[in-house]
Amino acid sequence: MGKEMRKYTKGKGLKWKKGESSSSNPTTRTYRSAAKGSFFQYKLAQEADTRRPGLASVSAGNNSDSMADSQSHSSRVTVETFKTDVSAWTQCSITSFGRLQSIWSADSKLHREMLAILAAITEVIKERNGQESETEYFAALLTTLDTVESVDSRTAVLSLLGLLIKRVPANVLRKQGAHVMKPLVQMLSDNVQSENNSLMRSVLKILSAVLRVQDTASWKDASTAAVFRTMLSLINHHKPKVRKQCHSSVCSVLKGSDVMTGTQPMAVHPMAVMTANFCIQAIQDSNATKDHSVILHVLGLLKDILADFPEDEMKAAVEAIFDCMQVSSPLVRTVGLKAINGLFIAQPDSSRLSAEVNALIISALYAKKPAEGDTQLVLPWLETTKQAYLNLYRQDQRTFFVHLEKLSADCMKLLLVDRPEIRAASAAVLKEIVTTCLSAVGAQREAYQQHLVPIQKFFQHLEVGLTYQYHLVWNMVLEILTEFYEACGAQASNFTVKSLEKVALLRDSPQFPFTAELDRAFGRAVRKVGAPRVLRIVPLKINVAMTPMDLSRSWMIPLLRDYVQDTELGFFISFFLPLASQLRSKSAMLTAAGEPSEAKSCDILQRQIWSILPGFCTRPTDLVESLRGIAKILGQALDERPDLQLDVMAALRALVLKNMENDVNRTEVAKYAKNYLPRLLQIYTTEATSDGSNQRLAALETVKIYLKITPQETIDELFEKVQSHPRVTSTLFHICYIHSLILSFYIGGGEAER
């Protein structure tokens with residue numbers, strides 16, 4: 001045994017040393033040892049230059065001693081405390097500065113400067129018995145900003161303000177707005193060409209926070225507008241991080257200001273018109289000078305704020321975007337399409353983007369349609385056009401359907417392009433149009449009939465995809481048809497039903513590669529259109545008189561079993577029952593004639609037909625008229641056909657469960673409880689054979705379900721029969737007794753003492 005174990009463990013990595021089997025990471029203790037050795041405690045005591053003269057005014061002359069004490073404390077950090085540099089240097093309780101600890105880098109001079117300033121301010125506030133609120137820190141940082149002179153210290157103070165500014169009360173920012181913004185704007189002007197990203201980003205962050213809380217009266221002030229204009233001018237800054245922060249700040253002001261999100265929000269931000277004019281002018285000037293970089297920066301901003309412009313400015317901005325897309329640069333055209341796409345994704349209301357303007361943009365998009373093989377441009381063009389159509393549908397369905405045919409025609413052409421990504425994108429556009437727009441119309445018969453002609457033209461373009469020309473994308477076409485049948489199949493239009501004949505011909509063709517997609521589409525049509533209409537267009541072709549029989553359409557039977565519901569039960573009685581009976585008779589005849597293989601085929605086929613019955617019993621539309629025509633046959637099948645018992649019991653369960661909310665149908669099914677329950681109990685009480693256990697369990701489950709709707713008098717009679725049945729075992733008797741007693745008490749308030 002020992003040799004075998006050594007064989008399996010040989011060469012399997014490091015082994016535990018004696019006594020270390022319960023220790024995690026016994027040899028790799030890098031991080032644990034580093035923590036115990038104060039690896040993260042940067043020797044701030046050696047950085048004496050972190051104490052700036054400007055802090056003296058804040059600390060009231062006591063800064064040097066306090067900083068020295070803090071350094072001494074940092075150097076005395078023991079293994080037991082595990083304090084970091086932040087906790088060693090300052091006991092600040094403001095959670096806004098927690099990010100400083102999460103991004104802390106001991107090698108960063110800026111972080112060390114921020115920490116020193118924060119420690120000094122915290123100590124001063126505590127010495128003066130302050131509350132350590134955001135307002136106190138805000139005031140102290142503003143005072144420090146006025147006193148410090150070096151760029152590093154100013155950057156550190158601004159970074160701390162940037163961390164704190166979101167927690168400062170709005171009334172404080174509103175009151176101190178002018179005092180805060182004036183020096184910050186001057187800093188922006190002085191450092192616009194500098195390489196100090198941190199300073200510029202912090203200033204922009206603070207300015208946007210102050211601007212967001214200004215009221216309507218403040219926005220009418222020229223100085224406030226000048227601050228926003230200064231911030232907006234940095235959208236073309238040469239530093240990417242500054243541009244990104246400017247982009248975020250402008251968006252936050254236009255979308256998240258108090259005047260836009262308050263109790264009485266304004267329809268348009270006071271600075272929206274100025275922003276639109278700035279962007280339009282920047283695009284026009286850059287377009288004249290062929291400065292594509294500026295155009296790209298402005299388009300990136302417009303993608304997020306175009307929907308916030310008034311109607312006239314929005315139209316002018318969109319026209320400027322289309323004008324700049326005339327350049328040969330594919331990047332400019334791509335970003336321009338994304339900017340327009342952002343407009344539709346934002347879903348502006350009709351007061352800003354009317355249906356007429358939406359339709360004009362769609363026409364302009366078709367005018368700018370790229371070459372079919374240009375993947376870089378076709379993909380954003382498709383996405384933008386799709387969003388334009390979806391937004392148009394939300395605003396005006398009539399105008400949407402006027403333009404729908406052109407979209408379907410162009411997308412079907414793109415399915416023939418030798419680019420897989422373009423094919424997939426085109427199919428996705430058509431599928432989303434169907435699921436989002438046509439499904440809503442298909443659910444309302446009046447609306448469907450109103451737009452029947454454009455829907456038919458749309459479907460005709462889809463139907464072309466079933467021709468051999470589209471054989472490489474048949475799977476995509478079938479997926480779109482699946483969604484169409486789901487959306488509009490319930491209306492059962494003639495053009496919808498007739499298309500199933502083409503689908504069936506594809507399925508009949510040898511070695512068809514997309515059988516799963518086709519079966520799904522055909523099954524969805526069966527469910528929505530209804531089996532009777534489908535089988536009139538696509539017959540089963542099973543002629544029992546022929547030998548051998550034509551079974552080319554036998555693939556339809558499993559689909560009928562899986563998808564049939566909400567249809568006519570009478571159709572099963574009139575069509576499938578005679579067919580199943582003929583097949584059974586032929587199977588017996590072939591068995592007597594000594595042809596077992598043919599007989600077996602007929603027997604399997606007739607059992608498959610019976611497997612369709614539960615689907616026809618799922619919310620049948622003619623239950624009251626048709627159930628009496630099949631009730632006796634189902635009872636005989638339970639008595640005489642063990643091979644059909646599972647299907648019949650599944651049908652009975654469907655009749656009960658799927659009609660619980662329909663009082664008329666539920667009452668009709670309950671009438672036959674006295675016919676079926678004794679038979680079901682007989683199946684359950686019969687001793688199970690090697691292949692009869694499934695029938696017994698199914699019978700018990702069917703009894704439990706049927707008892708839910710069984711009349712009280714029937715339950716009483718059933719209980720008496722069960723009680724007097726001589727072959728009932730003790731266990732089964734108690735099961736039936738308890739179950740019928742509970743149901744009797746629940747349904748009819750029966751006597752519990754019985």
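Numbering starts at 1 and runs along the sequence shown.
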Do [X] and [Y] have side chains that approach each other closer than 4.5 Å (heavy atoms only, starting at C-beta)?
{"X": "L118", "Y": "T122", "answer": "yes"}
{"X": "L207", "Y": "L188", "answer": "yes"}
{"X": "R419", "Y": "V378", "answer": "no"}
{"X": "R212", "Y": "S208", "answer": "yes"}
{"X": "Q397", "Y": "Q450", "answer": "no"}
{"X": "T482", "Y": "E486", "answer": "no"}
{"X": "Q131", "Y": "E136", "answer": "yes"}

Looking at [X] and [Y], would you say the former's side chain and the latter's main chain have a donor-acceptor pair under 3.5 Å?
{"X": "Q376", "Y": "T334", "value": "no"}
{"X": "S202", "Y": "L199", "value": "no"}
{"X": "R154", "Y": "E149", "value": "yes"}
{"X": "S252", "Y": "S249", "value": "yes"}
{"X": "T384", "Y": "L337", "value": "yes"}

> Looking just at side-chain N and O atoms, do S153 and E113 make a donor-acceptor pair shorter than 3.5 Å?
Replying inline: yes

>> Side chains of S351 and D349: any donor to acceptor distance under 3.5 Å?
In response: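 A pair is found: one side chain offers a donor N or O, the other an acceptor, under 3.5 Å apart.
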
For the student: nearest non-hydrogen atoms of [X] and [Y], plus distance:
{"X": "M260", "Y": "V268", "value": "SD-C, 3.9 Å"}
{"X": "A359", "Y": "H403", "value": "CB-CE1, 3.9 Å"}
{"X": "I235", "Y": "H297", "value": "O-CB, 3.7 Å"}
{"X": "M314", "Y": "L343", "value": "SD-CD1, 3.7 Å"}
{"X": "L306", "Y": "A339", "value": "CD2-O, 4.0 Å"}
{"X": "L204", "Y": "C246", "value": "CD1-N, 3.8 Å"}

Going from [atom1] on [X] to [atom2] on [Y], what distance comes out if it is rounded to the nearest 0.5 angstrom?
{"X": "H451", "Y": "E446", "atom1": "NE2", "atom2": "CD", "answer": "10.0 Å"}
{"X": "I422", "Y": "L377", "atom1": "CD1", "atom2": "CG", "answer": "10.0 Å"}
{"X": "E319", "Y": "I283", "atom1": "CD", "atom2": "CD1", "answer": "12.0 Å"}
{"X": "I361", "Y": "K368", "atom1": "CD1", "atom2": "NZ", "answer": "13.5 Å"}
{"X": "Q387", "Y": "L392", "atom1": "CD", "atom2": "CG", "answer": "12.5 Å"}
{"X": "E123", "Y": "I121", "atom1": "CD", "atom2": "CD1", "answer": "11.5 Å"}

> Looking at residues at least two apart in the chain, or sitting in another chain, which of them share a ring pair (Phe, Tyr, Trp, His ring centres under 6.0 Å) with Y366?
Replying inline: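 Expected list: W381.
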
>> Listing request: all salt bridge (Lys or Arg N to Asp or Glu O under 4.0 Å) pairs with a residue in residues 284-302, at least two apart in sequence or in separate chains.
In response: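 Not a single pair qualifies under salt bridge (Lys or Arg N to Asp or Glu O under 4.0 Å).
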
> Going by the salt bridge (Lys or Arg N to Asp or Glu O under 4.0 Å) test, which pairs reach into residues 217-236, not counting sequence neighbours?
Replying inline: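 Output for this query is empty, none listed.
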
Who passes side chain to side chain donor-acceptor pair (under 3.5 Å) against [X], sequence neighbours left out?
{"X": "D146", "result": "none"}
{"X": "E195", "result": "K239"}
{"X": "S248", "result": "none"}
{"X": "S218", "result": "Q214, D215"}

Without placing hydrogens or testing angles, list every side-chain donor-acceptor pair under 3.5 Å for residues 269-278, not counting sequence neighbours.
residue, atom, partner, partner atom, Å
H269, ND1, M271, N, 3.0
H269, NE2, V253, O, 3.3
H269, NE2, S257, OG, 3.3
T275, OG1, M271, O, 2.7
N277, ND2, V273, O, 3.2

>> What verdict does the salt bridge (charged side-chain N to carboxylate O under 4.0 Å, His left out) test give for K386 and E383, after you've listed the backbone C-alpha separation in whole Å, the side-chain angles of each residue and the deciding distance to 0.1 Å?
In response: CA-CA 5 Å; K386 179 192 72 175; E383 179 64 22; 3.2 Å; yes

> Where do R201 and K241 land on the side-chain contact (heavy atoms from CB on, under 4.5 Å) test, with the steps shown first?
Replying inline: CA-CA 7 Å; R201 292 171 61 194; K241 291 185 178 181; 3.9 Å; yes

> Would you call the rings of F400 and Y389 parallel, tilted or perpendicular if under 30° counts as parallel and over 60° as perpendicular?
Replying inline: perpendicular

>> Go through it in stages, so that I can follow the logic: the residues are I125 and Y137, the test is side-chain contact (heavy atoms from CB on, under 4.5 Å), and I'd like the CA-CA distance, side-chain angles, deciding distance and then a yes or no.
In response: CA-CA 8 Å; I125 292 175; Y137 277 94; 4.0 Å; yes

> Does the side-chain contact (heavy atoms from CB on, under 4.5 Å) test come out yes or no for L404 and Y393, once each step is laid out?
Replying inline: CA-CA 10 Å; L404 181 59; Y393 172 79; over 6 Å; no

Identify each donor-acceptor pair in which a side-chain atom of residues 159-180 lies under 3.5 Å from a protein atom, sequence neighbours left out, and give them as a table.
residue, atom, partner, partner atom, Å
S159, OG, T155, O, 2.8
R167, NH1, T95, OG1, 3.0
R174, NE, V213, O, 2.8
R174, NH2, V213, O, 3.2
R174, NH2, D258, OD2, 3.4

> Yes or no on side-chain contact (heavy atoms from CB on, under 4.5 Å) for L301 and C279, after CA distance, side-chain angles and deciding distance?
Replying inline: CA-CA 9 Å; L301 176 64; C279 293; 4.1 Å; yes

>> For residues 303-317, which residue pairs pass the side-chain hydrogen bond (donor to acceptor under 3.5 Å, both in side chains) check, not counting sequence neighbours?
In response: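 Counting only pairs at least two positions apart or across chains, the side-chain hydrogen bond (donor to acceptor under 3.5 Å, both in side chains) contacts touching residues 303-317 are H247-D304, K255-D308.
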
> Which side-chain hydrogen bond (donor to acceptor under 3.5 Å, both in side chains) pairs, counting each pair once, include a residue from residues 338-348, with sequence neighbours left out?
Replying inline: none

Run the side-chain donor-acceptor check on residues 434-445: report pairs under 3.5 Å with partners two or more places apart or on a different chain.
residue, atom, partner, partner atom, Å
T435, OG1, K431, O, 3.0
T435, OG1, E432, O, 3.2
T436, OG1, E432, O, 3.0
S439, OG, T435, O, 2.3
R445, NH1, Q491, OE1, 2.6

> Q395 and S354: side chain to side chain donor-acceptor pair (under 3.5 Å), yes or no, with the steps?
Replying inline: CA-CA 8 Å; Q395 294 182 337; S354 61; over 6 Å; no

